[in-house]
Amino acid sequence: MAEDEQEYDFSSIERRWQEFWEREKTFRAEDGSDKTKYYALDMFPYPSGAGLHIGHPEGYVASDILARYRKACGFNVLHPMGWDAFGLPAEQYAIKTGTHPSETTQANVDNFRRQIKSIGFAIDWDREINTTDPGYYKWTQWIFLKLFQRGLAYVDEKPVWWCPELKAVLANEEVVNGKSEVGSHPVERRNLRQVVLRITAYAEKLLAGLDDLDWPDSTKRQQKAWIGRSEGAEVQFGIEGSDEKLEVYTTRPDTLFGATYMVVAPEHPLLDKLVIDEKKEEAKAYVEAAAKKSDLDRTDLAKDKSGVFTGSYCINPANGDKTPIWVADYVLISYGTGAIMAVPAHDERDFEFAEKFDIPINRVISRADGDEEKSKLPYSGPGVMVNSGEYDGMDADACKAKIISDLEAKNAGKGAVNYKLRDWIFSRQRYWGEPIPLVWVSLEDFEKATHTDGIIKDLLPERAVTTQKDGKTLYALPLPASELPLKLPEVENYQPSGTGESPLATIPEWLEVWFDLSTGKTVSRAEDRPDGGNWVSATRETNTMPQWAGSCWYHLRYLDPSNPDHLVAPEKEAYWGGPDFYIGGAEHAVLHLLYARFWHRFLHDEGVLAHPEPYGKLFHQGLILGEDGNKMSKSVGNVVSPDIVIEAYGADSLRLFEMFLGPLEAVKPWSEKGIEGVHRFLRKVNRECLRKDKHLSGEETDKETLRLLHETILKVTEAIEDLRFNVAISQMMILANHMQKVENYSVESAKALLQLLAPFAPHLAEELWEKLGGSPSIANHPWPKAREELLVADEITIVFQVNGKLRGQAQFPKDVDKETVITAAKGDEKVQSFLEGKEIVKEIYVPGKLVNLAVKG
RNA sequence: GCCCGAGUGGCGGAAUUGGUAGACGCAGCGGACUUAAAAUCCGUUGACCGCAAGGUCGUGGGGGUUCAAGUCCCCCCUCGGGCACCA
C-alpha cells in the first residue's frame with residue numbers, strides 16, 4: 001500500500017465534508033415530516049469581538065452528537081444556531097470609535113459563524129436567527145405588547161445602579177464589588193423611571209411548573225429559592241392613639257405572644273405618622289442614611305443592626321400588649337408588608353436587635369422534651385406553646401392555623417403567601433437593544449384614545465400605565481402589531497444622554513411624533529401634523545429592552561425563522577414543540593431560564609403556544625479550565641482558541657477531546673497532551689480503515705471481534721443516551737485497539753465502528769465510510785443495532801473470595817450450578833490455604849459472578 | 001451562616017441495582033523498527049514488604065451496617081457552586 005494513502009490529512013478531509021454537507025443540505029430539518037422530531041438546542045452565543053474560545057463548543061459538540069445520533073436513529077432532527085447579538089460591548093465600542101453597533105455585530109457574527117462552521121456541526125443553517133434583525137425583534141416587541149395589553153407591564157421608579165463617571169445605568173452584572181466593571185468607577189443607587197414586567201403574577205405557575213421538568217436538581221432548587229414562596233399570615237396591629245393599623249407579615253403566627261417590638265422599613269409609608277415629635281430629627285437622619293446605603297452596604301453591614309425608636313406603640317391583637325415600634329433597615333420595604341412583628345426569642349435577627357437595644361425577649365415556644373441545651377434562645381425549632389394564654393401546651397406548628405383562623409374571626413389578620421421574587425426591570429437606558437414600542441400622551445389624548453374606534457382601543461390594559469415627566473402625568477399607548485418592527489433610528493453618536501436616559505432621548509425627530517389614535521401610525525413631528533382628527537402629539541418611549549428579551553423566545557423562532565405573519569406558525573409549533581434537549585451554562589440557572597419560562601407560559605396562556613413550558617430537558621455543561629487549572633481569561637493568558645487547535649489537530653480531534661476530557665457536567669482542565677491522545681486514536685482508525693490487506697469481505701467471522709464489536713455498539717449507544725460521551729469514546733478506543741491487534745477483520749466491522757464514531761468525529765467518519773464503499777452521507781445510514789445474544793460468552797469467569805478478599809478464580813460453563821462452583825472454590829489450592837484450620841460459617845454465591853466464603857477461627 | 005455538589009494512581013478519569021477498584025487516555029520507564037529521528041508497535045507502571053512465589057495496605061479522615069462498602073448510615077475535614085437580614 002502506498003505511504004501517502006495512510007496519511008490523516010484532516011484539513012482537506014474536513015473542508016471537503018463541510019462543503020458536502022452544506023451543498024447537499026444534509027442536516028436540513030423538515031417541517032411537517034412523518035418522522036418523529038428531535039430538537040437539540042444550544043444556548044445561543046453572544047457574538048463577542050474576541051471570538052469563540054474553547055469552552056463555547058463543549059455544549060455544541062454534545063448537542064451535535066445527540067443530533068447526529070438521533071438522525072441515524074431515524075428522527076427528523078432540528079439542530080439550529082443563532083446570535084444573541086444585542087448587548088453592551090458593541091455599544092461601548094460604538095461610543096469609542098463611532099462604528100455603528102450593527103457593523104460591529106455583523107463582523108462578530110461572521111467570525112462566530114466561520115468558527116462554528118469550522119467545527120462541522122449538523123446545523124440547519126437555513127434557520128439561522130439574529131436577535132438584532134428587525135424581522136426578529138418585531139416579534140420580541142409583539143410579545144411585549146401582549147404583556148402590556150394584559151396589564152403585565154408597568155412603569156415605575158426603581159433603584160438602579162448609576163455610574164456618574166460613565167454617565168450610564170449599569171446592570172447588576174456590570175457592577176463588581178461596588179464599582180463599575182468597566183473602568184472600576186464608583187456607582188450609586190438612583191431612582192430612575194423603568195419599564196417593569198409583572199413576573200410576580202406568574203410566581204405560582206413558575207414554581208409549580210418546575211415539578212414536571214427534567215432539569216438538574218440544583219437548577220430547580222435555585223429557581224425555587226429565587227421564587228422563594230413562604231406561607232404565613234398578615235396580622236394587623238392597632239396603633240395606639242390612631243385609627244390606622246400596622247400590617248405585618250409573619251411565617252410564625254404561633255409566636256404572636258412573643259412579639260416584644262415592631263419594626264417598619266425606613267421607606268414605610270406610615271413612618272412619618274408614627275414618629276413622635278421628639279424623635280423626628282433622629283428618625284429623619286436615620287432614614288436618610290439608610291437611603292444612601294446601597295443594597296450591598298445594607299447586606300455587608302448586616303451583622304451590625306441599627307434602628308431608631310419611633311416613640312409610637314402598637315397593640316398586640318393577641319394579648320393587648322403595648323409594643324414599641326422601631327424603624328430599622330434590616331426590614332425591607334420590598335418584601336411582605338414592609339413591616340414585621342419582632343419575636344426576639346425565636347428569630348435570630350430580632351434576637352440580635354433586641355440584645356443591642358435592650359428590648360425584652362420573651363420565650364413562647366419550648367421544646368417538648370425540655371432539652372435546655374438544644375432550646376437556647378433564639379430557638380426556631382419545633383415545640384409547644386408557652387406564655388401564650390389559651391394556647392399554652394399546644395404544638396406550636398399545629399397552632400399556626402388555629403391562630404390564623406382566630407385572627408380572621410377577630411378581623412385582625414388572615415393567612416397569606418409571599419414570594420421573594422420581584423418584578424422584572426425590563427428597560428435599559430441604552431441604544432443597542434429592542435426599542436420598546438410605546439408612546440406617551442397626555443391624559444386628555446389618552447381619554448380620547450379610549451373612545452376612538454380602531455385597533456388601539458382594544459390593545460389598552462385594564463389599568464392605564466402612567467409615568468411622571470416634568471411634573472405632568474403621561475399615559476402609555478401601544479403601537480399596534482401592524483406598526484412593528486419599531487426600528488432603531490440612526491444616531492450621530494452613541495454617547496449616553498447624561499441624564500440616565502437612553503441615547504434615543506437625544507433624537508428629537510424620532511422621539512417626538514404625531515400618533516394616530518385610531519390606526520397607531522406615527523409620523524415625526526418634524527413634519528406637519530397629518531390631516532384627520534385622530535392625530536395627537538406623542539413622545540416615544542426611549543428605553544430599550546434588556547438582552548434577556550431576545551433569548552426569552554428564540555427557541556420558538558427556529559421553528560419558523562422567517563415567518564412575517566406569525567411568531568411561529570401554530571402547526572409548526574405543534575409539530576416541533578420545545579427542545580428535546582437544551583444545553584448551556586449553569587450561570588443561566590435562574591435569570592434566562594426563568595424569564596424564558598415566564599414568556600413561554602404567558603404565550604401559552606394567551607393561546608399562542610400549545611405547550612406551557614419551553615425546555616423540558618435541560619443540561620448544564622461544565623466549565624473547561626485553562627491548562628493551569630484556572631478559569632480561562634485573557635488577563636491570565638491561558639485562553640485556548642479553537643482556531644489554533646483545529647489547525648494543529650483538526651475539528652474531529654477537537655470535538656472528540658472536548659468530550660473525552662471527563663463527564664460533560666464536570667469542571668475540567670484543558671490539556672494539550674490530552675488532545676494528542678485522541679488525535680492518535682483518530683489516526684489509528686484512519687490507518688486501520690485503509691489497511692486493505694487486513695480487510696475481509698462478508699460478515700465478521702472472528703468470534704472475539706464480533707463480540708467486542710457488539711459490546712461496543714451496546715455501550716456506545718447507552719453512553720450516548722446517558723450523555724456519558726467520555727465512556728463512549730473509551731469503548732471505541734478499546735475496539736480500535738483490538739482491530740489493530742488482530743490479523744484480519746471484516747470491512748463491515750470497520751464500517752460499524754465508523755457509524756459509532758460519526759456523531760463524534762463526523763468528517764473522518766464520512767471520509768473513511770466512502771473509502772470503504774459506503775454511500776455518503778454516513779449520517780443517513782441507520783444506527784447499528786447491538787446483537788445482545790453475542791454478548792453472552794459460553795464460559796464465564798467466577799471469582800473466589802474468602803472473607804471478601806480475592807483468592808482465586810476459574811472458568812465455568814455459563815449455566816453452571818451453585819454446588820459445582822462452591823465445590824470448585826473450596827477445592828481451589830489457594831482458597832484452601834486460607835481455609836486451613838478455620839470454620840466456614842457462610843457460603844455466598846452470586847450467580848455468574850463470585851463465591852464468597854466467610855470463615856472464622 | 002444556610003442549602004447543594006464533589007474528593008479514586010504522577011495527571012484527566014472508569015467502576016450508575018453493594019459483588020474482581022484503577023477501564024480508556026496522558027505522563028513515566030524498558031524494548032522493537034531506523035544510520036538517526038519522526039511516526040508506529042510491544043511490554044511495564046497504586047503504595048509498601050519480598051530474590052521470587054506471594055503477602056499486606058489502599059477510593060479525603062474517623063466510626064458503623066454487611067459474607068462483601070468507592071458505592072449504604074453517622075460524625076468530621078477540604079474544595080467547588082448557589083443563597084445570604086425575604087420576617
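Not measured: the values here are computed from a predicted model. Within every chain, numbering begins at 1; the chains are lettered A, B, ... in the order of the sequence lines, protein sequences first and strands thereafter.
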* Remember a base hit wins even if backbone is also touched, and classify A/F834 as base, sugar-phosphate or nothing at under 4.0 Å, heavy atoms. => sugar-phosphate

* So A/Q621 and A/E58, side-chain hydrogen bond (donor to acceptor under 3.5 Å, both in side chains) or not? Walk me through it. -> CA-CA 7 Å; A/Q621 81 279 15; A/E58 189 189 6; 5.1 Å; no

* Identify which nucleotide among B/C67, B/C24, B/G19 has an atom closest to any side-chain atom of A/K842, counting heavy atoms from C-beta outward. => B/C67

* Asked: Would you say B/A87 has OP1 or OP2 under 4.0 Å from some side-chain N or O of A/S230?
  -> yes

* Candidate pair A/E355 and A/K305, rule side-chain contact (heavy atoms from CB on, under 4.5 Å), full reasoning -> CA-CA 10 Å; A/E355 282 211 309; A/K305 296 271 184 297; over 6 Å; no

* Report the nucleotide, chosen from B/G19, B/A23, B/G25, that has the shortest atom-to-atom distance to any side-chain atom of A/S730. => B/A23

* **Nearest listed nucleotide, side chain of A/V727, among B/G19, B/C24, B/A14** => B/A14

* Counting side-chain heavy atoms from CB outward, which of B/C24, B/G19, B/C41 is closest to A/Q801? -> B/G19

* **A/K400 backbone acceptor or donor facing A/D254 side chain under 3.5 Å** => no

* For A/K305 and B/A87, what is the distance between atoms NZ and P respectively, to the nearest whole Å? -> 14 Å

* Side-chain N or O of A/R221 closer than 4.0 Å to phosphate OP1/OP2 of B/C83 -> no

* Can you check whether A/K830 has a side-chain N or O nearer than 4.0 Å to OP1 or OP2 of B/A53? -> no

* Could you give me the stems involving RNA chain B, meaning stretches of three or more consecutive Watson-Crick or G-U wobble pairs whose two defining distances are both below 3.5 Å? => B:1-7 with B:77-83, B:10-12 with B:24-26, B:28-32 with B:40-44, B:46-49 with B:54-57, B:60-64 with B:72-76

* To do: Measure from the side chain of A/R683, starting at C-beta and using heavy atoms only, and say which of B/A39, B/A87, B/C24 lies closest.
  => B/A39

* Separation of A/Q809 atom CD from B/G19 atom P, in whole Å? -> 18 Å

* For B/C41, does either OP1 or OP2 sit under 4.0 Å from a side-chain N or O belonging to A/K684? -> yes

* Test of ring centre spacing under 6.0 Å for A/H679 and A/Y8 -> yes

* Starting from P on B/C85, measure out to NE2 on A/H346 and report it in whole angstrom. => 23 Å

* To do: Just compare B/U20, B/A87, B/A27 and give me whichever is closest to any side-chain atom of A/V799.
  => B/U20

* Asked: Excluding sequence neighbours, so at least two apart, what forms side-chain hydrogen bond (donor to acceptor under 3.5 Å, both in side chains) with A/E843?
  -> A/K826

* Between B/U40, B/G82, B/A87, which nucleotide gets closest to the side-chain atoms of A/Q222? -> B/G82

* Taking only residues two or more places apart in sequence, or in another chain, which ones meet A/T260 in a side-chain hydrogen bond (donor to acceptor under 3.5 Å, both in side chains)? -> none

* Asked: What is the distance from NZ of A/K715 to C1' of B/A23, rounded to the nearest Å?
  -> 8 Å

* Asked: For B/G81, does the glycosidic angle fall within 90° of 0 (syn) or outside that (anti)?
  -> anti

* Side chain of A/P663 (C-beta onward), nearest among B/A87, B/G13, B/G55 -> B/G13

* Structure fact -> Atom CG of A/L625 and atom P of B/C79 are separated, to the nearest Å, by 17 Å

* **Whole-Å distance separating the CD1 atom of A/I796 from the P atom of B/G19** => 17 Å

* Asked: Among B/U40, B/C83, B/G25, which is the nearest nucleotide to the side chain of A/R687?
  -> B/U40

